[in-house]
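One structure is given below, encoded as structure tokens.
Numbers restart at 1 for each chain; the letters A, B, ... are given by sequence-line order, proteins then strands. This structure is a prediction, so every number in the text was calculated from the model and none was measured.
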Amino acid sequence: AQKITQTQPGMFVQEKEAVTLDCTYDTSDPSYGLFWYKQPSSGEMIFLIYQGSYDQQNATEGRYSLNFQKARKSANLVISASQLGDSAMYFCALRFYGGATNKLIFGTGTLLAVQP
Amino acid sequence: DTAVSQTPKYLVTQMGNDKSIKCEQNLGHDTMYWYKQDSKKFLKIMFSYNNKELIINETVPNRFSPKSPDKAHLNLHINSLELGDSAVYFCASSQGGLGSPLHFGNGTRLTVT
């Protein structure tokens with residue numbers, strides 16, 4: 001069965017430093033997508049970055065990059081030059097084909113606190 | 001322009017009541033979803049509709065009934081509310097492909113007393 005795991009319930013980082021949020025997944029399907037979302041304290045879900053299982057290069061979006069290691073089934077999010085506004089809950093998610101359609105399942109999240 | 005909007009933002013009600021949450025998207029997406037986020041922030045898919053057709057129905061009590069009058073709207077009706085239904089309910093939409101991100105509404109915080 002497909003599964004997504006975030007082992008860090010909480011993380012601290014100093015402002016302007018880089019931080020890596022861990023995500024591992026389990027699927028036997030060759031085709032899948034990996035997503036990261038940010039949920040600030042205001043509650044909305046914000047899409048950050050996507051990595052496809054066949055993508056050769058690691059995805060990058062501004063200060064966000066995805067360290068995709070397919071053989072290890074990991075898709076860690078790297079945030080460079082952390083800002084106070086990065087303090088939020090971060091969710092890793094796996095999209096895969098389940099039956100007639102595809103599903104997006106979420107990890108349990110990592111709460112990131114950026115300290116001044 | 002709000003891409004995915006859901007109403008109401010907050011819903012406080014008593015056990016046993018029936019309530020509805022409405023969702024609309026103006027992104028032209030074919031697929032819409034309901035997710036439930038519990039008190040530990042875990043997000044779980046409940047339902048998914050593609051072009052008004054129900055395509056995902058996770059193990060959700062049948063007190064929950066989604067309805068999609070057209071592909072831009074997906075509503076959630078909950079009968080006989082229970083304390084355990086208290087959560088944040090998110091509506092989302094996407095195109096169907098594996099690489100398409102879900103766009104979420106701002107959530108409806110349901111509190112059952």
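Residue contact with chain A, scored on non-hydrogen atoms closer than 4.5 Å, is absent for B:T31. With a threshold of 4.5 angstrom between heavy atoms, A:S31 approaches chain B through its backbone and through its side chain. Using a 4.5 Å cut-off between heavy atoms, A:M45 touches chain B through backbone and side chain atoms alike. Heavy-atom distances place the side chain of A:Q39, and not its backbone, under 4.5 Å from chain B. Using a 4.5 Å cut-off between heavy atoms, A:Y37 contacts chain B through its side chain alone, with no backbone atom that close.
Using a 4.0 Å cut-off between charged nitrogen and carboxylate oxygen, A:D26 and A:K73 count as a salt-bridge pair.
The number of heavy atoms from other shown groups lying within 6.0 Å of NZ (B:K71) is above 12.
Between the side chains of B:S20 and B:H77, at least one donor N or O sits under 3.5 Å from an acceptor N or O. Between A:R95 and B:S94, the side chains place a donor N or O and an acceptor N or O closer than 3.5 Å (distance only, hydrogens not considered). At a cut-off of 3.5 Å, with distance as the only test, a side-chain donor of B:T13 or B:N17 sits close to an acceptor on the other residue.
Classification of the A:Y50-A:F35 ring pair by plane angle, with boundaries at 30° and 60°, yields tilted.
When each of B:F90, B:Y33, B:Y35 is scored by its heavy-atom pairs under 4.5 Å with chain A, the top score falls to B:Y35. The greatest number of non-hydrogen atom pairs below 4.5 Å with chain B, out of A:T108, A:L104, A:L111, is found for A:L104.
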